[in-house]
Amino acid sequence: MEPLNAEHLGRTLRGVLHLPQPHREPAPAVVLCHGFGENRMGSRDEFTRLARLLSDEGVAAYRFDFAAFGESDGDPVDFSISDQAAQLDAVLDQLGRNRALDPERIGVLGFSMGALTSVLVAGRRPLRTLGMWAPSGGPLNLPFWRRGPYEEEIRERGYADYQGIAFGKAFLDDLPTLDQFAAARRHAGPVFMAGGTEDGLMGAKYIDPYREVWGPRLELHYVEGMGHSPRSLAERDRLLGLTAEFLLRTV
């Protein structure tokens with residue numbers, strides 16, 4: 001594991017690269033994209049553990065903090081999914097120039113809003129493979145954000161507070177402009193999706209449009225009893241095992 005940062009619009013995005021040892025030839029790689037308000041370790045260290053699983057089997061993994069989260073630069077008021085997608089583009093550009101990696105064998109896996117970010121990027125550049133954990137509904141969730149106190153908070157003080165996570169007007173303005181299902185139609189590779197049976201974001205409203213777009217290219221898994229993220233060691237291990245098996249087979 002070695003530090004590896006990327007730059008985007010004057011901000012340093014801090015991350016780490018897990019390389020297989022030894023790696024005499026350029027290795028395939030997977031970029032891991034965390035969820036809203038989280039960081040490159042994941043909500044329960046899932047990304048750290050997944051990166052180790054992959055690198056032990058010959059696949060590099062890159063974990064990084066999106067701007068304004070974790071150790072990366074940036075102001076939470078500027079957070080938006082479109083900005084995160086541009087950051088992921090910058091990360092992929094940099095990794096594509098890294099001589100330790102095979103630029104033709106790079107995939108992405110994201111959790112929640114990181115999954116939404118990932119599918120948007122998969123719709124505009126070729127990715128070897130795409131993984132999604134409990135993808136955010138994007139514009140489908142707009143009523144939730146409109147119902148809450150968030151717009152009033154932003155007007156009064158310039159930012160809103162969602163469970164201790166700050167965000168601003170940029171996020172609310174950006175959300176209705178996104179179309180994850182149009183982006184999904186442009187991704188030609190295999191897709192993995194997993195989430196909990198108790199997670200509303202894994203319901204038909206959010207998942208069926210992906211089924212229609214990807215058909216048999218989509219491998220869909222439900223972890224019994226799990227909510228939006230693992231709440232037990234068994235749930236975590238089940239999620240990681242399914243994910244690692246898919247990525248090692250497809251990247």
Side-chain angles (χ1 to χ4, degrees), residues 30-51 53-54 61 63 66 81 84-85 88 107-123 127 129-145 162-163 165 175 178-181 183-184 187 189-251:
V30 178
V31 180
L32 307 180
C33 301
H34 65 76
F36 181 49
E38 296 183 355
N39 58 60
R40 62 182 181 258
M41 296 181 70
S43 60
R44 302 289 191 282
D45 292 343
E46 298 95 338
F47 282 172
T48 305
R49 293 175 181 274
L50 179 59
L53 286 172
L54 295 175
R63 303 182 287 116
F66 282 111
I81 299 297
Q84 286 200 160
L88 179 54
V108 171
L109 177 134
F111 167 60
S112 196
M113 287 192 187
L116 176 59
T117 300
S118 299
V119 71
L120 293 173
V121 170
L127 293 176
T129 191
L130 173 65
M132 306 169 78
W133 289 347
S136 167
L140 297 178
N141 292 134
L142 192 59
F144 168 80
W145 299 104
Y162 175 71
Q163 298 182 3
I165 307 166
L175 202 59
L178 308 177
D179 190 341
Q180 67 267 41
F181 304 120
H187 172 65
V191 186
F192 172 88
M193 187 184 298
T197 56
E198 304 307 306
D199 183 3
L201 288 177
M202 292 296 292
K205 172 183 175 181
Y206 302 99
I207 303 306
D208 281 355
Y210 287 122
R211 290 178 188 260
E212 294 173 7
V213 169
W214 286 321
R217 288 191 291 121
L218 172 63
E219 294 189 24
L220 178 61
H221 297 271
Y222 284 86
V223 178
E224 185 64 35
M226 190 174 81
H228 193 52
S229 58
R231 294 174 293 193
S232 71
L233 297 178
E235 291 174 359
R236 185 196 66 193
D237 291 347
R238 175 65 172 161
L239 179 64
L240 292 180
L242 290 167
T243 306
E245 190 280 329
F246 171 85
L247 293 173
L248 292 171
R249 174 166 40 90
T250 59
V251 74

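- Taking 4.5 Å as the limit, every side-chain heavy atom of Phe192 sits out of range of all side-chain heavy atoms of Thr129.
- How far NE2 of His187 is from CG of Leu127: 6.5 Å, rounded to the nearest 0.5 Å.
- Here the CE-CG distance, from Met193 to Leu130, works out to 8.0 Å after rounding to the nearest 0.5 Å.
- For the pair His34 (side chain) and Phe66 (backbone), a donor-acceptor distance under 3.5 Å is present.
- In this structure, the side chain of Gln180 engages the main chain of Gly137 through a donor-acceptor pair within 3.5 Å.
- Across all non-hydrogen atoms, the minimal contact from Val108 to Ser118 is CG1-OG, 3.1 Å.
- The CH2 atom of Trp133 lies 5.0 Å from the CG atom of Leu240; values are rounded to the nearest 0.5 Å.
- Using a 4.5 Å heavy-atom cutoff, the side chains of Met202 and Pro135 are in contact.
- Counting only distance, with no hydrogens or angles, the side chain of Arg49 and the backbone of Arg44 share no donor-acceptor pair below 3.5 Å.
- Within the model, atoms CG of Asn141 and OH of Tyr206 stand 4.5 Å from one another, a figure rounded to the nearest 0.5 Å.
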Could you walk me through whether Trp214 and Leu220 pass the side chain to side chain contact (heavy atoms under 4.5 Å, CB included) test, one step at a time?
-> CA-CA 11 Å; Trp214 286 321; Leu220 178 61; over 6 Å; no

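- When all heavy atoms of Ala61 and Leu54 are compared, the pair lying nearest together is CB-CD1, 4.3 Å.
- With hydrogens and angles ignored, the 3.5 Å screen pairs no side-chain donor or acceptor of Arg236 with any backbone N or O of Pro230.
- Checked by atom type and distance alone, the side chain of Thr197 pairs as donor or acceptor with a backbone atom of Gly225 at under 3.5 Å.
- Heavy-atom minimum distance, Leu239 versus Ala194: CD1-CB, 3.7 Å.
- Closest approach of Val251 to Gly107, counting heavy atoms only: CG2-N, 3.9 Å.
- No donor-acceptor pair under 3.5 Å is formed between the side chain of Tyr210 and the backbone N or O of Leu218.
- Atom CZ of residue Phe36 and atom CG of residue Leu116 lie 12.5 Å apart, to the nearest 0.5 angstrom.
- Ring pair Phe111/His228 is tilted by interplanar angle, where 30° to 60° counts as tilted.
- When every heavy atom of Arg40 is checked against every heavy atom of Phe47, the shortest pair comes out as O-CB, 3.3 Å.
- Counting only heavy atoms from C-beta outward, the side chains of Glu46 and Glu38 never approach each other to under 4.5 Å.
- When all heavy atoms of Leu178 and Leu120 are compared, the closest pair comes out as CD2-CD1, 4.0 Å.
- Here the straight-line distance linking atom CG of Leu109 with atom CG of Leu32 works out to 6.0 Å at 0.5 Å rounding.
- Residues Met226 and Asp199 are not in side-chain contact: their nearest non-hydrogen atoms beyond the backbone lie 4.5 Å or more apart.
- In this structure, Arg217 contributes its side chain and Gly189 its backbone to a donor-acceptor pair below 3.5 Å.
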